[in-house]
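A short worksheet on the structure shown next.
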Amino acid sequence: KKSLIIGSGLVMEGDKVEGTVLADMERLVREMSSIRDAKLYVRPVAGTDSVDLVMATQDYFPVSASGNYQSPESYTARISDRNITGSAVEIGLVYQRNALLDPDDAYSISVQQPNLYRRFIFGRVYAQERGARAEQGIEFSRGFLSEALRDIGGVFFRNITDRNVPDSAS
């Protein structure tokens with residue numbers, strides 16, 4: 001977890017520190033799905049004009065499972081791990097059975113990382129199939145602003161296939 005928290009830093013060793021940047025750093029760590037709470041402590045180093053930054057965190061239990069059962073023809077099962085290898089990488093699997101769909105089952109799998117390249121870029125790769133529709137995609141985005149990170153936005157690539165649409169080459 002040490003590298004995850006260090007990678008979430010908006011300041012590097014030797015930087016001059018501003019309170020607003022430190023507040024952003026604490027907030028961004030707290031917003032990670034694997035972190036329940038975070039507190040940043042600023043400790044002066046005796047005899048210097050430097051400070052040490054200490055981040056105390058409380059983690060969530062990373063593995064979760066849930067579901068919804070209505071009948072043998074209609075149910076959903078979910079399982080996820082939101083902190084694979086202690087790096088905040090999240091993987092999720094969902095299976096759904098619904099007799100009203102054709103075909104009658106659906107699935108999705110996704111892998112996401114909230115802090116790619118230590119720049120707070122959210123990345124996700126996913127695949128899902130529901131009824132006659134299949135979709136795969138990849139996305140990269142940053143959905144917040146701070147004094148230190150002024151860029152916001154993202155890019156999404158999707159491939160959607162609908163098996164009910166006749167092939168145009170036929």
Side-chain angles (χ1 to χ4, degrees), residues 1-68 76-96 106-130 135-160:
K1 182 169 48 172
K2 181 179 179 182
S3 64
L4 172 69
I5 301 301
I6 290 171
S8 298
L10 297 176
V11 296
M12 302 299 285
E13 186 174 341
D15 287 353
K16 292 186 178 187
V17 220
E18 294 186 27
T20 56
V21 172
L22 295 179
D24 279 343
M25 185 172 152
E26 182 180 88
R27 175 183 57 85
L28 294 170
V29 170
R30 191 179 296 120
E31 287 177 358
M32 291 180 176
S33 65
S34 59
I35 303 292
R36 180 181 186 127
D37 195 16
K39 178 71 176 154
L40 182 64
Y41 295 95
V42 180
R43 298 193 173 154
V45 176
T48 71
D49 62 350
S50 298
V51 296
D52 284 336
L53 301 177
V54 179
M55 180 73 70
T57 63
Q58 181 181 20
D59 297 354
Y60 282 109
F61 185 74
V63 178
S64 66
S66 65
N68 181 2
T76 304
R78 295 177 188 87
I79 187 165
S80 68
D81 185 334
R82 60 179 158 191
N83 196 13
I84 294 176
T85 68
S87 61
V89 172
E90 181 176 342
I91 187 167
L93 301 166
V94 178
Y95 176 79
Q96 180 180 29
Y107 75 89
S108 70
I109 182 169
S110 66
V111 178
Q112 58 190 39
Q113 164 59 270
N115 189 9
L116 287 172
Y117 305 110
R118 299 181 177 183
R119 299 301 304 150
F120 298 100
I121 297 171
F122 172 83
R124 180 171 82 120
V125 177
Y126 69 93
Q128 58 189 19
E129 194 166 312
R130 183 180 200 87
E135 180 178 343
Q136 304 84 34
I138 186 168
E139 67 180 90
F140 301 99
S141 62
R142 183 162 52 200
F144 64 89
L145 296 172
S146 76
E147 190 172 308
L149 300 169
R150 299 180 191 273
D151 299 322
I152 190 169
V155 61
F156 306 86
F157 300 98
R158 293 189 178 137
N159 177 40
I160 300 172

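When reading the values below, keep in mind they use all heavy atoms of this one structure, side chains included, and skip hydrogens, waters and symmetry mates.
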Taking only residues two or more places apart in sequence, or in another chain, which ones meet Phe157 in a side-chain contact (heavy atoms from CB on, under 4.5 Å)?
Ile138, Val155

Glu135: partners by salt bridge (Lys or Arg N to Asp or Glu O under 4.0 Å), with sequence neighbours left out
Arg133, Arg158

Rounded distance (nearest 0.5 Å) linking atom OG of Ser110 with atom CD of Glu90:
6.5 Å

Looking at residues at least two apart in the chain, or sitting in another chain, which of them share a salt bridge (Lys or Arg N to Asp or Glu O under 4.0 Å) with Asp37?
Arg30

Quick one: side-chain contact (heavy atoms from CB on, under 4.5 Å) partners of Thr48, sequence neighbours excluded?
Val45, Ser50

Is the backbone of Leu40 close enough, under 3.5 Å, to the side chain of Glu26 for a donor and an acceptor to pair up by distance?
yes

What's the shortest heavy-atom distance between Val51 and Pro44, and which atoms?
CG1-CA, 4.0 Å

Roughly how far, to the nearest 0.5 Å, is the CD1 atom of Ile79 from the CG atom of Leu93?
7.0 Å

Check side-chain contact (heavy atoms from CB on, under 4.5 Å) between Arg78 and all other residues, then give those that pass, not counting sequence neighbours.
Ser66, Thr76, Val94

Nearest-0.5 Å distance, CZ of residue Arg36 to CZ of residue Phe61:
13.5 Å

Which distance, rounded to the nearest 0.5 Å, do you find between the CD1 of Ile91 and the CZ of Arg82?
15.0 Å

What pair of heavy atoms forms the shortest contact from Tyr41 to Ala56, and how long is it?
CE1-CB, 3.9 Å

Can you measure from CD (Gln128) to CD (Gln136) and round to the nearest 0.5 angstrom?
9.0 Å

So, for Gly92 and Ser80, which heavy atoms are closest and what is the spacing to 0.1 Å?
CA-CB, 4.0 Å

Glu129: salt bridge (Lys or Arg N to Asp or Glu O under 4.0 Å) partners, not counting sequence neighbours
Arg163

